[in-house]
Amino acid sequence: MKTGPLWCVNCERMMPDDPGHRLRPLYDRLLMAYGPQGWWPGDTAFEVMVGAILTQNTAWTNVEKAIVNLQTAGALTPAGLLALSPAELANLIRPAGYFNVKARRLHALVELVTQHGGLDALFALDTASLRAQLLDVHGVGPETADCILLYAAERPAFVIDAYTRHILGRLGLAPSSARYHELQQLFVGHLPQDVPMFNEYHALIVRHGKERCRTRPVCDGCPLCADCDWRQRRRQNA
DNA sequence: ACCCAGGGTCATA
DNA sequence: TATGACCATGGG
């Protein structure tokens with residue numbers, strides 16, 4: 001990725017060339033501001049996988065209702081979920097929205113688990129193979145695959161979402177045209193491959209987004225704007 | 001009434 | 001490659 005020098009428009013000084021150098025301080029500041037987020041909410045790896053599908057473009061509060069319905073129906077296991085008809089499953093997950101689409105996606109995901117003879121066998125795969133298998137499932141894209149890798153299989157996969165793109169853009173750390181893999185490499189390439197830290201980092205980014213998106217003026221009390229280091233913008237010529 | 005959430009797929013140009 | 005339509009409920 002092309003990266004020019006970073007210039008703080010507030011304090012008028014140069015920042016390190018590599019935007020990746022800002023990612024550790026960014027994490028520290030988010031953690032300081034919001035504290036540990038305790039992700040992922042869910043008791044089992046399978047429940048996390050189900051939640052990863054259900055939360056696609058959907059508020060988590062709605063997902064919780066769907067999870068409760070599945071739990072009550074005994075459908076939070078591969079066998080239990082597979083025992084449901086598409087219509088029954090769709091009805092249970094109705095509160096999460098897109099219920100017909102997501103019912104099919106859940107069945108496809110369970111099919112992958114079944115093909116490998118269970119979740120333990122599936123998660124015995126190396127990370128690259130597991131990610132490829134997940135991406136083969138209809139309805140599992142890069143973000144959902146990495147959510148499952150990180151929060152269910154506990155692999156060092158950094159999750160990129162819309163909030164991540166927004167924050168990186170505002171801080172001038174990546175262009176809006178950057179692709180998923182490029183943004184992911186920015187994090188993976190400049191941070192230790194630490195699963196609990198990746199876990200917390202993404203959760204903090206989402207927390208920050210929910211906390212501040214559309215509820216307050218952009219820089220009013222924002223923990224990322226608290227000192228001038230965060231008001232940097234890329235410049236062509238210093 | 002309007003906007004959008006912890007996305008992904010598919011059809012077009 | 002890059003947009004746009006579509007899926008659908010619930011809370012602000």
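Quick caveat, the model's predicted, so the values are computed rather than measured. Letters A, B, ... mirror the listed sequences (proteins, then strands); counts begin at 1.
In this entry the distance linking CG of A:Asn91 with C1' of C:dA8 reads 14 Å, nearest Å. Rounded to whole Å, the distance from OH on A:Tyr98 to C1' on C:dG10 is 12 Å. Rounding to whole angstrom units, NE2 of residue A:His166 and P of B:dA5 are separated by 10 Å. Protein atom NZ of A:Lys210 is 12 Å distant from nucleotide atom P of C:dG12, rounded to whole Å. Rounding to whole angstrom units, CG of residue A:Asn57 and C1' of B:dT9 are separated by 13 Å. Rounded to an integer number of Å, the gap from CD1 of A:Ile148 to C1' of B:dG8 is 13 Å. Straight-line distance from the CD1 atom of A:Ile160 to the P atom of B:dG8: 12 Å, rounded to whole Å. With rounding to whole Å, A:Leu30 atom CG is found 16 Å from B:dG6 atom P.
Checked against side chain to side chain donor-acceptor pair (under 3.5 Å), A:Asp161 has the following partners two or more places apart in sequence or in another chain: A:Thr164.
Between A:Gln37 and A:Val206, every side-chain heavy-atom pair lies at or beyond the 4.5 Å cut-off. Side-chain contact between A:Trp39 and A:Leu150 is absent, with no heavy-atom pair separated by less than 4.5 Å.
For A:Gln193 (side chain) and A:Leu191 (main-chain N/O), a donor-acceptor pair under 3.5 Å exists by modelled atom type.
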Carefully, step by step, assess A:Ile67 and A:Leu76 under the rule side chain to side chain contact (heavy atoms under 4.5 Å, CB included). CA-CA 8 Å; A:Ile67 297 266; A:Leu76 272 183; 4.0 Å; yes
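Each of A:Asn62 and A:Arg105 was assigned the nucleotide of DNA chain B with the nearest heavy atom; the assignment lying further toward the 5' end belongs to A:Asn62. The 5' end of DNA chain C is approached more closely, in terms of each residue's nearest nucleotide, by A:Val101 than by the other of A:Val101 and A:Thr61.
A distance of about 16 Å separates the P atoms of C:dG4 and B:dC3, rounded to the whole Å. Here, B:dC10 and C:dA8 have their P atoms 15 Å apart, quoted to the whole Å. Rounded to whole Å, the C1' atom of C:dC7 lies 14 Å from the corresponding atom of B:dC4. Distance check on atom C1': B:dA1 versus C:dG11 gives 14 Å, rounded to whole Å.
Using a 4.0 Å heavy-atom distance criterion, A:Val206 is classed as a base contact. Within 4.0 Å (heavy atoms only), A:Lys102 reaches no atom of the nucleic acid at all. Backbone-only engagement by A:His138 is indicated by non-hydrogen atom pairs under 4.0 Å involving sugar-phosphate atoms exclusively. Nucleic acid contact for A:Val159: none, since no nucleic acid atom lies under 4.0 Å from a heavy atom of the residue. As judged by a 4.0 angstrom heavy-atom cut-off over every strand, A:Arg179 is placed among residues touching the sugar-phosphate backbone only.
There is no side-chain donor-acceptor pair under 3.5 Å between A:Tyr163 and A:His208.
A sub-4.0 Å separation between OP1 or OP2 of B:dG8 and a side-chain N or O of A:Thr144 is present. For A:Tyr163, a side-chain nitrogen or oxygen approaches OP1 or OP2 of B:dG6 to under 4.0 Å. Note on A:Asn100: a side-chain N or O is less than 4.0 Å away from OP1 or OP2 of C:dA8.
Nearest nucleotide to the side chain of A:Lys65, out of B:dG7, C:dG11, B:dG6: C:dG11. Closest to the A:Pro95 side chain, of the nucleotides B:dG6, C:dG10, C:dC7, is C:dG10. Looking at the side chain of A:Pro142, the nearest of the listed nucleotides C:dA8, B:dG6, B:dG8 is B:dG8.
DNA chain B forms stems at B:2-5 with C:9-12, B:7-13 with C:1-7, each a run of 3 or more consecutive Watson-Crick or G-U wobble pairs whose two key distances fall under 3.5 Å.
Ring-plane geometry between A:Tyr151 and A:His202 is classed as tilted, the angle between the planes lying from 30 to 60 degrees on a 0 to 90 degree scale.
Between A:Tyr151 and B:dG6, no base-stacking contact is recorded for ring centres under 5.5 Å apart and planes less than 30° from parallel. Lacking a ring centre under 5.5 Å from that of the base six-membered ring together with a plane angle below 30°, A:Phe99 does not count as stacked on C:dA8.
Here A:Arg131 pairs with A:Asp146 in a salt bridge; the nearest charged N to carboxylate O distance falls below 4.0 Å.
The 12-atom threshold is exceeded at CG of A:Asp28, counting heavy atoms of other residues, nucleotides or ligands nearer than 6.0 Å.
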